[in-house]
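Heads up, the thing below is written out as structure tokens.
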Amino acid sequence: AWLGRHGANAVAISILLGIALPPLGALVRPFFPETVFLLLCLAFLRVDPAALRAQFGRAKLLAAAVVWTMLIVPTLAGLILTAAGVGDRSPGLLLALMLNAVAPPIFASPALAALMGLNAATTLALLLACIVVTPILAPAMVAVFVGPAVTFSPLSLGLRLVLMLAGAACIGVAIRAIAGKAWVERQAVRIDGLNVVVLFLFAVALMGDVAANTIADPLYVIGLLALSTAVTFGLSLLTALIFARAGLHSALPLAHAAGSRNTGLMLAAAAGQVPDLVWLYVALIQIPIYALPLIAKPLLRRLSPRSSA
């Protein structure tokens, strides 16, 4: 329960511990897909169908956000990376960036949106709509733009995504149906605490090689961290500008969700069959993803009185 009440700080500490405990990371990494699946189950358990249905009233805005997040952004990313010749110079980097571009928002995005004072229901609606199309669009985009650099079968990626997402949804919905909405609400803080524990294992599995890579080649790691930060923050800013006409109440949560992508899900669906560079990129991008709410929260507090005035 204590972990659930201090979720944001606990996640940040988990990332630091993951970097500081590389031997533990080596033990946990073989079970990385299982940690992602548990996170999915807990996320679906917390979904309130009644609150979600209310958000689908703005179908046009939601559809536009899904098309932007899951189709236009990956297509633009693929075209830009292809034109820049990234695949010729670094196939692993191309794969990492495309897995980032095709991934849906992170499952913690509604909770992080609420932490920043944003409309978490809008984020949740976008998240679940993106999940529906991910098993179809993500493998197709990877196959088209990555091509020979793919170290796994795009078809297998799609099948694993279907199994992971559908399986987690069934488990979450079944528990909610059997235990009841009231029980889930009473246990919300404990569920959040369990989520933090699983997030710790997730972070440890990802961050195990960060310290060794930093010691061996600090400029390389700093460059990847700068790139992942630019991608996360830049995509959030671009999305906010694209949807500004819908109002800040909608544009800002959509921007946060579009910028904070669940690259770990794609890594788990690929069964970890990727180059070491991809593992390192996915690990480093967790830092800007979870730093963004801490940076944006005070800025949004200053903005809210002006927007309400």
Side-chain angles (χ1 to χ4, degrees), residues 8-33 35-36 39 77-78 80-81 84-103 106 108 112 142 145-146 149-152 199-237 259-296:
N9 293 331
V11 169
I13 293 171
S14 294
I15 291 174
L16 294 176
L17 287 176
I19 296 173
L21 299 172
L24 183 57
L27 291 174
V28 178
R29 179 170 287 191
F31 305 100
F32 179 75
T35 65
V36 174
L39 288 173
I80 292 171
L81 293 171
V86 174
D88 297 330
R89 293 194 296 270
S90 178
L93 181 60
L94 173 63
L95 179 58
L97 291 171
M98 282 308 301
L99 287 179
N100 188 8
V102 303
I106 59 171
L112 295 176
V142 169
F145 290 111
V146 182
V150 179
T151 52
F152 50 84
L199 270 173
F200 167 73
L201 297 175
F202 171 86
V204 166
L206 275 179
M207 298 291 173
D209 293 336
V210 171
N213 279 284
T214 303
I215 294 170
D217 195 343
L219 291 180
Y220 175 70
V221 173
I222 292 172
L224 273 183
L225 178 59
L227 177 61
S228 65
T229 301
V231 169
T232 301
F233 284 57
L235 188 51
S236 293
L237 178 59
S260 300
R261 304 268 181 152
N262 197 343
T263 318
L265 170 64
M266 309 308 298
L267 185 58
Q273 299 173 14
V274 296
D276 290 341
L277 187 154
V278 178
W279 277 98
L280 183 59
Y281 179 87
V282 175
L284 292 173
I285 202 171
Q286 307 306 312
I287 296 174
I289 283 176
Y290 288 102
L292 179 58
L294 301 177
I295 296 171

Seminar exercise, completed: Minimal heavy-atom distance between G264 and V36, with the atoms involved, is O-CG2, 4.0 Å

Can you list every salt bridge (Lys or Arg N to Asp or Glu O under 4.0 Å) pair that touches [range], not counting sequence neighbours?
| range | result |
| --- | --- |
| residues 281-295 | none |
| residues 277-294 | none |
| residues 89-99 | none |
| residues 201-229 | R29-D209 |

Problem set entry | Flag, side chain of S228 to backbone of L225, donor-acceptor distance under 3.5 Å | yes

For this session: Report yes or no: does R261 contribute a side-chain atom to a donor-acceptor pair with the main-chain N or O of I106 at less than 3.5 Å?
Result: no

Seminar exercise, completed: Across all chains, not counting sequence neighbours, the ring pair (Phe, Tyr, Trp, His ring centres under 6.0 Å) partners of F32 are F202, W279

Exercise. For F31, what residues pass the side chain to side chain contact (heavy atoms under 4.5 Å, CB included) criterion, not counting sequence neighbours?
Worked result: E34

For this session: State which residues pass side chain to side chain contact (heavy atoms under 4.5 Å, CB included) with S236; sequence neighbours excluded, sorted by chain then number.
Result: L292

Seminar exercise, completed: Hits for side-chain hydrogen bond (donor to acceptor under 3.5 Å, both in side chains) against T263, two or more places apart or cross-chain, chain-then-number order -> N100

For this session: Would you sort out whether Q286 and M207 count as a side chain to side chain contact (heavy atoms under 4.5 Å, CB included), showing the intermediate values?
Result: CA-CA 9 Å; Q286 307 306 312; M207 298 291 173; 3.8 Å; yes

Problem set entry | Qualifying residue, where the test is side-chain contact (heavy atoms from CB on, under 4.5 Å) with Y281 and the options are L99, L224, D276 | L224

Would you be so kind as to tabulate the donor-acceptor pairs closer than 3.5 Å made by side chains of residues 91-98, with sequence neighbours excluded?
none

Exercise. Is there side-chain contact between F145 and I80, with heavy atoms separated by less than 4.5 Å?
Worked result: no

